[in-house]
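All chains are named by letter (A, B, ...) in the order of the sequence lines, taking the proteins before the strands, and each is independently numbered beginning at 1. Worth knowing before you read on, the calculation uses all heavy atoms, side chains too, and leaves out hydrogens, waters and symmetry mates.
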Amino acid sequence: MPSNAEAAETFRTIADLLDVLGERFKPEAYRRVARSIDSLTEDLAAIAARGELRSIPGVGDAIEEKIREYLASGRIGYLERLQHDVPAGVADLLRIPGLGPKSARRFWTELGIEGPAELLAAIDAGRLNGVKGFGAKKIAQVRSAVDAARATAGTARAPIEVAYPVAMRIVRALREAGVADRVEVAGSFRRGRETVGDLDILVTSHNATRAFDVFTALPEVREVRLRGGTKETAILTNGLQVDVRVVEPASFGAALQYFTGSKDHNVIVRTLAKDAGLRVNEYGVSRGEERVAGATEEEVYAALGLAWIPPELREGRGEVEAARKGPLPPLVQDRDLRGDLHVHLPDASGAGEVDRLLGAARHRGYAYVGVVGEGVTADGKPFRLSEPVLARAVKASSPRFRVFRVAEVDGLPPEEGDAPSGVDLLVRRPTARHPGVPTDTEDPRPPAVVAHIGAGTPDAGTAVRGWIAYAAKVGAAVEVGPGPDRLDSTWARYAREQGVRLAIPTGLLGSGEDPTCPVSLAFARRAGAQVADVANAGVAAGAKRK
DNA sequence: GCCGTTTTCGGCCCGACTGTTTTCAGTCG
């Protein structure tokens, strides 16, 4: 049975080949479907079995037929015909930055170039000299791009938790240098996607050149690719691309909306605007010559008759239709977090580490923190926090601040003595000893949280579904967040659909740049989680939620 | 190839930047 990821990749291949063949709109149609399939929480086969393929955004008659063919045979005749027409390497030319479908097609049809290696040979043989549209500079650019593409084997997207600290440093540097009034990271970073292709940073500034200079001087910046009057593109030492854009304050909201995306979301918003006789671009919303909105995102959406939409929901999955009807339900946010149910102290923690943890929890105004005192590691070995250290933590409990003793136990079936005494709550996790999914619903002492499950291992989907089903039965929450051991936003959405609450790790022991809490929160928000959907969130006593 | 509270056909986001141009095409986001 082919996986959803493989199906999405297949449709992307079709899109590339259609691009090379010069098709105008079909490539985007196939890419849209590929994106939709990537964000499904269910196997295509299950959706197909229910006859609901057409409910996937971007799937119409023709693509439904191709999905059915793919599920039945693992092949798509249409793709095979395209592959017969276009040499395999020609589509690879699209991967080279600066080359698009037009160039790839021309190289192939006019010069017989059928791949990156042949392109390089053609350049060296001087066969590109005199080709219209390719001067010496362009040829040199293409040549180095081919070399670079070989070296990096395609620019992979970075996990958001990797991009987070560097994004924070860039933002802080721009703010502290006093060259920018407003600084925001837009793009998929702001939408909280699991991976980011680049960082889009928007600033308002009276002096674009100085803002660019401040950014370029950062040690993280390896090379500047281009600099115009309003935009600079640079590559960081870790390979991440960063675009810094300077915009007018009156346009900041429109620019933020525009560059936050997603593409699918913006297409829907723009189409809506057009139908209403309005025009939306990164400078603002206008009716004819009259400018209607632009300074804030709220007024941009309002001008289109829409409630403001949280960035994490802007994926073209029905959020625009919902925002037409009125304000969207509030998503869980940082200030809703009441504590952490599951903190691991490092093996050799001493009293100082405990104090730091508790101090951090109090500083954030948390009402509780759960410290894992004993349990099993992933490879099944028992571990125990030193008793004096744990006792010191528990002693810090007060009526307004509770310290829980947490035991982390491994996968079912529950064994005699599985639930230790003197423990406030259990966290259940898969381990090498018991990697399997629990089947016994008569758990003598159900866990509060199921943690360390994630799609980081191959073929993990079945296991993750099993753990979520178990959590649903016993009323446990599941841990969401960055890294292979936690659930991403797609799985978090699935968990919510199954009626399971989420547990958000808060990174209490991390530094100010620790991505754990903001990224986990973003994943929960992408899943549409509200306060009631998060086990360690709630409305503070005496505080009224807006 | 998809899509529709002004459409089942005629649209499909749009502006910056670059290079090679003498007015623009291609690429990118």
Side-chain angles (χ1 to χ4, degrees), chain A residues 11 14-15 18-19 21-36 53-67 78 82 93-107 128-142 145 155 157 186-189 196-202 208 224-233 241-247 251 254-255 257-286 304-305 316 320-321 324-325:
Chain A
F11 284 116
I14 292 177
L18 289 170
D19 246 341
L21 289 171
E23 287 281 354
R24 287 274 279 142
F25 298 106
K26 289 184 188 181
E28 209 31 54
Y30 280 98
R31 290 200 178 93
R32 166 136 200 259
V33 165
R35 288 193 296 273
S36 288
L53 286 173
R54 290 290 298 268
S55 70
I56 299 170
V59 175
D61 281 332
I63 291 183
E64 175 181 19
E65 190 51 44
K66 292 181 178 70
I67 294 175
Y78 181 61
L82 291 173
L93 294 172
L94 299 175
R95 302 281 97 76
I96 299 166
L99 289 188
K102 295 277 167 49
S103 304
R105 181 173 169 75
R106 282 187 60 200
F107 289 156
L128 258 60
N129 299 337
V131 173
K132 197 177 149 214
F134 285 85
K137 204 162 177 179
K138 181 78 182 174
I139 290 173
Q141 188 191 76
V142 168
T155 46
R157 297 173 66 90
S188 49
F189 183 92
V196 299
D198 58 17
L199 291 175
D200 285 303
I201 299 180
L202 300 184
V224 174
R225 280 277 168 84
L226 60 90
R227 185 192 278 205
T230 61
K231 173 187 168 181
E232 172 164 287
T233 296
Q241 178 175 317
V242 182
D243 294 337
V244 179
R245 293 184 158 85
V246 175
V247 303
S251 298
Q257 194 285 326
Y258 180 81
F259 288 110
T260 296
S262 68
K263 188 174 186 160
D264 291 338
H265 175 85
N266 281 354
V267 168
I268 294 166
V269 167
R270 257 142 239 276
T271 305
L272 194 70
K274 199 170 184 177
D275 292 347
L278 297 164
R279 197 162 57 94
V280 186
N281 57 29
E282 61 257 55
Y283 301 108
V285 183
S286 45
L304 305 173
V320 177
E321 290 80 355
R324 282 182 83 147
K325 300 191 180 106

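Nearest-nucleotide assignment on DNA chain B puts the 5′-proximal partner with A:Arg270, out of A:Lys138 and A:Arg270.
One can place CZ of A:Arg279 at 14 Å from P of B:dC13, the figure rounded to the nearest angstrom. Rounded to whole Å, atom P of B:dC12 lies 17 Å from atom CG of A:Asp264. The interatomic distance linking A:Lys231 (NZ) with B:dA16 (C1') rounds to 7 Å, in whole Å. Summarising the geometry, the separation between CZ on A:Arg105 and P on B:dA25 is reported as 17 Å, rounded to the nearest angstrom. For the pair A:Arg225 CZ and B:dT18 P, the computed distance is 13 Å after rounding to whole Å. One can place CG of A:Leu202 at 15 Å from P of B:dG29, the figure rounded to the nearest angstrom. Residue A:Leu272 contributes atom CG, which lies 14 Å from atom P of B:dC13 at whole-angstrom precision. Note: CG (A:Leu94) to P (B:dC28) measures 9 Å, nearest angstrom.
A:Ser36 places a side-chain N or O within donor-acceptor distance of the main-chain N or O of A:Pro57, the cut-off being under 3.5 Å. Between the A:Ser251 side chain and the A:Ala254 main chain, no donor and acceptor come within less than 3.5 Å of each other. Panel note: side chain A:Arg270, backbone A:Val280; a donor-acceptor pair is recorded below 3.5 Å.
Residue A:Arg106 is out of contact with every strand shown, counting any heavy-atom pair closer than 4.0 Å. Using a 4.0 Å heavy-atom cutoff across all strands shown, A:Glu282 reaches sugar-phosphate atoms only and no base atom. Across all strands shown, A:Gly187 has no heavy atoms under 4.0 Å from either base or sugar-phosphate atoms. The residue A:Ala255 sits apart from the nucleic acid: no heavy atom pair falls under 4.0 Å. When heavy atoms are screened at a 4.0 angstrom cut-off, A:Pro27 is found touching no nucleic acid atom at all. Looking at heavy-atom distances under 4.0 Å, A:Thr233 makes no contact with the nucleic acid at all. Heavy atoms of A:Asn281 sit under 4.0 angstrom from primed sugar atoms or phosphate atoms, though from no base atom. No contact: A:Thr271 has no heavy atom under 4.0 Å from any strand.
With hydrogens and angles ignored, a donor-acceptor pair closer than 3.5 Å exists between the side chain of A:Tyr258 and the base of B:dG29.
Note that CD of A:Glu321 and CG of A:Leu272 are 8.5 Å apart. Values are rounded to the nearest 0.5 Å. Note that CD of A:Glu232 is 11.0 Å distant from CD1 of A:Ile201, once rounded to the nearest 0.5 Å. To the nearest 0.5 angstrom, A:Arg35 atom CZ is 7.5 Å from A:Ser262 atom OG.
Nucleotides B:dG26 and B:dT21 place their P atoms 13 Å apart, quoted to the nearest Å. When the C1' atom is compared between B:dT7 and B:dC2, the two are found 14 Å apart, to the nearest whole Å. Distance check on atom P: B:dC13 versus B:dC3 gives 14 Å, rounded to whole Å. Comparing the P positions of B:dG1 and B:dT6 gives a spacing of 28 Å, expressed to the nearest Å. Rounded to whole Å, the P atom of B:dC12 lies 25 Å from the corresponding atom of B:dC17. Taking atom P on both nucleotides, B:dT20 is separated from B:dA25 by 16 Å, rounded to a whole Å. Nucleotides B:dG4 and B:dT18 place their P atoms 38 Å apart, quoted to the nearest Å. Going from the C1' atom of B:dG10 to that of B:dG15 covers 24 Å, rounded to whole Å.
Side-chain atoms of A:Lys263 lie closest to B:dC13 of the nucleotides B:dG19, B:dA16, B:dC13. Side-chain proximity of A:Gln141 to B:dG19, B:dG29, B:dC13: nearest is B:dG19. For A:Gln241, the side-chain atoms get nearest to B:dG29 when compared with the rest of B:dG29, B:dT27, B:dG19.
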- Which letters describe nucleotides 1-6 of chain B, given B = protein heavy atom under 4.0 Å from base, S = only from sugar-phosphate, - = neither? BSS--B
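With sequence neighbours left out, A:Tyr258 forms a ring-ring contact (aromatic ring centres under 6.0 Å, His included) with no residue at all.
The closest side-chain heavy-atom distance from A:Arg324 to A:Leu304 is not below 4.5 Å.
Salt bridge annotation for A:Asp19-A:Arg105: absent, with no cationic side-chain nitrogen under 4.0 angstrom from a carboxylate oxygen.
At the phosphate of B:dA16, OP1 or OP2 sits under 4.0 Å from a side-chain N or O atom of A:Tyr283. The side chain of A:Ser103 places no N or O atom within less than 4.0 Å of a non-bridging phosphate oxygen (OP1 or OP2) of B:dA25.
The aromatic rings of A:Phe107 and A:Phe134 sit tilted relative to each other, their planes meeting at an angle between 30° and 60°.
Glycosidic conformation at B:dT6 (O4'-C1'-N9-C4 for purines, O4'-C1'-N1-C2 for pyrimidines): anti, more than 90° from 0.
For B:dG19, the paired base is B:dC24 (Watson-Crick or G-U wobble, both distances below 3.5 Å).
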